[in-house]
Engineer: 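Encoded as structure tokens, here's the structure I'll be asking about.
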Number of protein chains: 2
Amino acid sequence: MSQRKVISLESIRVACRHCTLASLCLPMGLESGDVERLDELIKRTRPLHRGDLIFRKGDRFKSLYVVKTGSVKTFAPSKEGAEQVLGFHLPGELIGLDAIERDTHVCSAKVLETSAICEIPFPRLEELTAIIPSLQHQMYRLLSKEIAHETDMLLLLGKKSADERLAVFLLSISKRLHKRGLSSTDFYLSMSRHEIGNYLGLAVETVSRIFTRFQEEGLMRVDRKHIEILDVRSLELLVGGAGQSRRQHQQHT
Amino acid sequence: MSQRKVISLESIRVACRHCTLASLCLPMGLESGDVERLDELIKRTRPLHRGDLIFRKGDRFKSLYVVKTGSVKTFAPSKEGAEQVLGFHLPGELIGLDAIERDTHVCSAKVLETSAICEIPFPRLEELTAIIPSLQHQMYRLLSKEIAHETDMLLLLGKKSADERLAVFLLSISKRLHKRGLSSTDFYLSMSRHEIGNYLGLAVETVSRIFTRFQEEGLMRVDRKHIEILDVRSLELLVGGAGQSRRQHQQHT
DNA sequence: ACCCTTGTTTGATCTGGATCAAGTGATCCT
DNA sequence: AGGATCACTTGATCCAGATCAAACAAGGGT
């Protein structure tokens, strides 16, 4: 999702309190003294490159991870090499929350482009949350947000048409980039059509065809990974449910 | 999901420490002193009846809820009266976790049969978790578990065939009843075919047809809401992915 | 006991997207 | 630079499951 592919080695050493993401990330709303305490336990590793794994399914759970720059996909690999893409993660987003319960990662995380990742050892974070109420609250919020988001995805996969799914996907990326100070209408996708389709429960060919059609209809311009949103309004209408999704009977009881 | 429809008015007054669910529920693993402190903040209301709402989407978030007896569905209502069923909840299961972030309920919860519900005011719970580390850990675990579970559902809705979805559903109910000391092979469903289909992203007719076919194949016996699982092994094989789901290409990068 | 409403089943038909098949354009490697 | 591989696009066909239609069964209320 790089607006620019250059990443500064400088920047990855910078602490939370100087990080531009602080307002989106774990430190959100903390007092500066508390941010420093959080800072102390965060490890910043050298940048990872396209295809590198942050963790894989089955690994012992030790830490949560935050994307600092770049982008990451999480996916559930199955025996036969097939997989389900579970999410795409942009800077400031927390990864690994699903591993706490089983003490084992239940999905894998792979870097989609050169990325910097912050590592947060969970046991130490847990200790810290017990003594910083606002950090504890932030953790509950982040966990809850993840649940609410997956709930939205369930609705998407259970009830929406292919067009709606793509529209939701594009608007989601667009909004998230915007929050990070990037253009909401002109960006590069760091994931392949295949990965998009997998994520949305669609075949690659369907994704490709719909992108083409959206372009013909003047909703967007597509050139390879480069996307320009031309008509946000129409995309939003599509999502709203103008083209009435799939089966929507009235309910009972 | 009632093995028996009779519920004892006596039992709903009983505190956590005498509750048979304690080992599945929030108090899991707590010391008895801590259970008592938790007990003090839990409200137990009179039983609700089929169709009653525990909360509805948009309500201010104040409490989490636990099913004590009976069963509950959560669903996201949409403007036009259509809805997406998000989950079915059995005794010991916590509801409302997705509301923490927005401070507002993002789905509604409706009782499927006469049920007793425990209410846990969240602000007080949050205070308590800050001073009882094992309770805090338990909360993280429960939130994480919810995420991991929804992740499984994403895979189900994104990649699995109708047969697999039904098999997963039946085995899930079966296992959860078993954990609660009930029969895993002989039970009553408290939800309608319509709700099952909605939950699994299938039309009612498809659910009905597959139940009929499963019966013809000797996997189960179906009589209205009454289910008898005859061949767990085969259902498990179905889930494993014998009938190879949907499109499962190899992946890239 | 009977009517009405609602849930369920079964059959016939339709269709959105998956699958199959090719061709084209990028990117990478030596 | 040349060749191989991989990602994407486009067209043709197929099919699992949705939708439409109808009959039936069960429970609930009066």
Side-chain angles (χ1 to χ4, degrees), chain A residues 5 49-51 82 85 112-113 156-166 188-216 220-227 238 243-253, chain B residues 5 49-51 73 81-82 85 112-114 156-167 188-216 220-227 238 243-253:
Chain A
K5 299 251 172 177
H49 299 97
R50 176 173 177 73
V85 173
L112 290 170
E113 61 189 312
L156 188 80
L157 293 180
K159 297 280 182 298
K160 304 301 184 84
S161 69
D163 283 20
E164 282 177 280
R165 295 183 200 197
L166 260 303
Y188 285 82
L189 296 174
S190 60
M191 70 294 287
S192 69
R193 302 283 192 272
H194 197 125
E195 287 165 321
I196 296 171
N198 188 312
Y199 175 59
L200 297 175
L202 301 171
V204 205
E205 296 92 328
T206 304
V207 175
S208 180
R209 271 185 257 270
I210 293 177
F211 272 8
T212 302
R213 181 155 47 73
F214 278 1
Q215 180 161 235
E216 287 164 2
M220 61 190 294
R221 202 170 295 148
V222 188
D223 174 35
R224 194 84 174 152
K225 305 272 190 191
H226 182 203
I227 303 291
L238 249 182
Q244 78 292 348
S245 317
R246 292 158 159 227
R247 149 88 64 131
Q248 295 287 1
H249 272 177
Q250 239 51 234
Q251 206 93 3
H252 43 77
T253 306
Chain B
K5 299 250 173 179
H49 299 98
R50 175 172 178 74
K73 76 165 175 182
V85 173
L112 291 170
E113 62 189 312
T114 303
L156 188 78
L157 293 180
K159 298 278 182 298
K160 303 301 184 85
S161 70
D163 282 19
E164 282 176 280
R165 294 183 199 196
L166 259 304
Y188 285 83
L189 296 174
S190 58
M191 69 292 288
S192 69
R193 301 284 191 270
H194 196 126
E195 288 165 320
I196 296 171
N198 188 311
Y199 175 58
L200 297 175
L202 300 172
V204 207
E205 297 91 328
T206 304
V207 175
S208 179
R209 271 185 257 271
I210 293 177
F211 272 8
T212 302
R213 182 156 45 73
F214 278 1
Q215 179 161 236
E216 287 164 2
M220 62 191 292
R221 202 169 296 149
V222 188
D223 174 35
R224 194 82 175 153
K225 306 272 191 192
H226 183 204
I227 304 290
L238 249 181
Q244 79 292 347
S245 317
R246 292 160 159 224
R247 148 88 63 129
Q248 296 286 359
H249 272 176
Q250 240 49 234
Q251 206 92 1
H252 45 78
T253 307

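Excluded from the calculations below are hydrogen atoms, water molecules and symmetry mates; all remaining heavy atoms, backbone and side chain alike, are included. Just so we're on the same page: letters track the sequence lines, and every chain starts at 1.
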Engineer: Counting primed atoms plus P, OP1 and OP2 as sugar-phosphate and everything else as base, spell out the protein contacts along nucleotides 9-14 of chain D at 4.0 Å heavy-atom distance: B, S or - for each nucleotide, 5' to 3'.
Structural biologist: BBBB--
Engineer: Mind calculating the distance between NZ (A:K160) and P (C:dG17) to the nearest angstrom?
Structural biologist: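 Answer to the nearest Å: 13 Å.
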Engineer: Starting at atom CZ of A:R50, determine the distance to atom P of D:dC6, rounded to an integer number of angstrom.
Structural biologist: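 Atom CZ in A:R50 sits about 13 Å away from atom P in D:dC6.
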Engineer: Take the protein atom CD1 of B:I196 and the nucleotide atom C1' of C:dG7, then report the distance between them rounded to whole Å.
Structural biologist: 12 Å
Engineer: Rounded off to whole Å, could you give me the CZ-to-P distance for the B:R213 and D:dA16 pair?
Structural biologist: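 So the CZ-P distance, B:R213 to D:dA16, works out to 11 Å.
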Engineer: Roughly how many Å is it from NE2 in A:H194 to C1' in D:dC8, rounded to a whole number?
Structural biologist: 12 Å
Engineer: Starting from P on D:dA18, measure out to NZ on A:K159 and report it in whole angstrom.
Structural biologist: 10 Å
Engineer: Could you tell me the separation between the CG atom of B:L157 and the P atom of D:dA18, rounded to a whole number of Å?
Structural biologist: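 Result: 12 Å.
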Engineer: With a 4.0 Å cutoff (strictly under), does any side-chain N or O of B:K225 reach OP1 or OP2 of C:dT8?
Structural biologist: yes
Engineer: To the nearest 0.5 angstrom, please state how far the CD atom of A:Q215 sits from the CG atom of A:D223.
Structural biologist: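 These two atoms lie 8.5 Å from each other.
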Engineer: Does B:R213 have more than 12 heavy atoms from other residues, nucleotides or ligands lying within 6.0 Å of its CZ?
Structural biologist: yes
Engineer: Answer yes or no: is there a donor N or O on one side and an acceptor on the other, between the side chain of B:K225 and the main chain of B:M191, under 3.5 Å?
Structural biologist: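 Looks like yes, one N/O pair under 3.5 Å.
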Engineer: Pick from B:L166, B:V204, B:T206: which one makes a side chain to side chain contact (heavy atoms under 4.5 Å, CB included) with B:I196?
Structural biologist: B:L166
Engineer: Side chains of B:V222 and B:T212, heavy atoms from C-beta outward: is any pair under 4.5 Å?
Structural biologist: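 No, every pair of side-chain atoms sits at 4.5 Å or beyond.
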Engineer: Would you confirm whether A:R221, through its side chain, and A:I227, through its main-chain N or O, come within 3.5 Å as a donor-acceptor pair?
Structural biologist: no
Engineer: Starting at atom CD of A:E113, determine the distance to atom C1' of C:dT27, rounded to an integer number of angstrom.
Structural biologist: 17 Å
